[in-house]
Amino acid sequence: MSRFHSHMQAALEHAALAAARGEVPVGAVIVAPDGRVVAAEGNRTRERADPTAHAEVLAIRAACAALGSERLPGHDLYVTLEPCPMCAAAIGFARIRRLYYGAADPKSGGVAQGARVFTHPQCHHAPEVYDGIAAPEAEALLREFFERLR
């Protein structure tokens with residue numbers, strides 16, 4: 001039996017890098033079934049002038065490219081903020097096994113808030129979801145980022 005190892009610290013590091021680039025501090029890490037990190041990204045919507053360049057989408061794209069597959073069965077995703085509906089749909093399409101996220105997103109979340117994509121009848125795949133992982137750290141990054149903007 002293998003022990004659980006959280007990769008949320010790496011996601012938090014990518015969120016901090018995103019903040020340093022002037023992006024909303026969200027980081028995502030995709031882990032293969034053997035425990036290897038196959039992709040890690042932070043938000044890049046402003047940098048790329050691309051509203052779909054959320055950390056989760058970029059990490060899914062990178063992992064799929066590395067594996068040569070449009071699906072990631074058995075892979076886990078760690079993300080610092082509850083995925084929005086777009087990212088939740090991408091997680092389902094990629095067939096991510098488990099989703100671990102930090103801070104809840106009452107305004108734009110798509111997992112436990114708002115759209116609740118994984119409970120929708122048209123959702124073809126729902127990952128196991130674990131929320132609140134390192135939530136205080138993720139919330140602090142977000143709070144500090146938005147306080148600097150005001």
Side-chain angles (χ1 to χ4, degrees), residues 2 4-19 23-143 145-146:
S2 64
F4 173 74
H5 172 78
S6 175
H7 292 271
M8 191 58 81
Q9 186 56 46
L12 288 164
E13 290 167 12
H14 282 276
L17 291 170
E23 302 279 356
V24 174
V26 178
V29 174
I30 295 184
V31 180
D34 65 6
R36 266 179 320 114
V37 171
V38 293
E41 280 288 350
N43 273 357
R44 295 182 183 273
T45 59
R46 292 179 178 144
E47 174 185 314
R48 295 188 180 178
D50 178 356
T52 70
H54 291 197
E56 303 95 307
V57 170
L58 296 175
I60 288 169
R61 288 176 183 162
C64 287
L67 298 169
S69 174
E70 79 279 13
R71 295 192 177 158
L72 301 169
H75 289 67
D76 298 338
L77 171 64
Y78 292 80
V79 63
T80 58
L81 181 65
E82 176 183 353
C84 72
M86 174 187 71
C87 292
I91 289 163
F93 292 142
R95 305 299 195 261
I96 295 288
R97 173 178 58 178
R98 294 185 192 113
L99 166 64
Y100 299 91
Y101 70 85
D105 189 352
K107 180 180 172 194
S108 301
V111 176
Q113 317 286 327
R116 293 182 176 92
V117 170
F118 301 133
T119 64
H120 197 278
Q122 289 179 316
C123 180
H124 297 294
H125 171 80
E128 293 176 32
V129 177
Y130 301 90
D131 62 355
I133 311 295
E137 295 91 330
E139 291 163 358
L141 275 172
L142 289 159
R143 186 173 45 257
F145 177 81
F146 287 111

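Worth saying up front: this structure is predicted, and the values here are computed from it rather than measured. For the numbers below, each heavy atom of this structure counts, side chains included, while hydrogens, waters and symmetry mates do not.
- The shortest non-hydrogen separation linking Ile91 to Pro127 is CG2-CG, 3.9 Å.
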Evaluation steps, side chain to side chain contact (heavy atoms under 4.5 Å, CB included), between His5 and His7: CA-CA 7 Å; His5 172 78; His7 292 271; 3.3 Å; yes
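- In this structure the side chain of Tyr101 reaches within 4.5 angstrom of the side chain of Val111, judged on heavy atoms.
- Gln9 meets the side-chain contact (heavy atoms from CB on, under 4.5 Å) test with Leu12, Glu13; sequence neighbours excluded.
- Of all the heavy atoms in Leu77 and Ala28, the pair that sits closest is CD1-CB, 3.9 Å.
- At a threshold of 4.5 Å between non-hydrogen side-chain atoms, the residues Leu72 and Arg95 do not count as touching.
- His125 places a side-chain N or O within donor-acceptor distance of the main-chain N or O of Ile96, the cut-off being under 3.5 Å.
- Checked against side-chain hydrogen bond (donor to acceptor under 3.5 Å, both in side chains), Asp50 has the following partners two or more places apart in sequence or in another chain: Thr52.
- The two atoms that bring Met86 and Val57 nearest to each other are CE-CG2, 4.2 Å, heavy atoms only.
- Looking only at side-chain heavy atoms (C-beta outward), Val79 and Tyr100 stay at 4.5 Å or farther from each other.
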Derivation and outcome, side chain to side chain contact (heavy atoms under 4.5 Å, CB included), residues Leu58 and Arg44: CA-CA 8 Å; Leu58 296 175; Arg44 295 182 183 273; 3.8 Å; yes
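- Contact of the Pro25 side chain with the Leu142 side chain is registered, since non-hydrogen atoms from C-beta on lie closer than 4.5 Å.
- In this structure, Glu56 contributes its side chain and Cys87 its backbone to no donor-acceptor pair below 3.5 Å.
- Between Pro33 and His75, some side-chain heavy-atom pair lies under the 4.5 Å cut-off.
- The closest side-chain heavy-atom distance from Cys64 to Ile60 is below 4.5 Å.
- Using a cutoff of 4.0 Å between basic side-chain nitrogens and carboxylate oxygens, Glu128 and Arg98 are scored as salt-bridged.
- Checked by atom type and distance alone, the side chain of Gln113 never pairs as donor or acceptor with a backbone atom of Ala104 at under 3.5 Å.
- Taking all atoms of both residues into account, the shortest heavy-atom contact from Val38 to Ala32 is CG1-CB, 3.8 Å.
- Taking all atoms of both residues into account, the shortest heavy-atom contact from Ala39 to Ala62 is CB-CB, 3.9 Å.
- One N or O on the side chain of Asn43 and one on the backbone of Val24 form a donor-acceptor pair closer than 3.5 Å.
- Glu82 places no side-chain N or O within donor-acceptor distance of the main-chain N or O of Gly102, the cut-off being under 3.5 Å.
- Side-chain atoms of Arg116 come within 3.5 Å of backbone N or O of Ala112 as a donor-acceptor pair.
- The two residues Ser108 and Pro85 have their closest heavy-atom pair at O-CD, 3.4 Å.
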Working for side chain to side chain contact (heavy atoms under 4.5 Å, CB included), residues Glu23 and Glu47: CA-CA 8 Å; Glu23 302 279 356; Glu47 174 185 314; 3.3 Å; yes
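- For Thr80 (side chain) and Gly27 (main-chain N/O), a donor-acceptor pair under 3.5 Å exists by modelled atom type.
- In this structure, Leu99 and Tyr78 have side chains that are not in contact, with every pair of non-hydrogen atoms separated by 4.5 Å or more.
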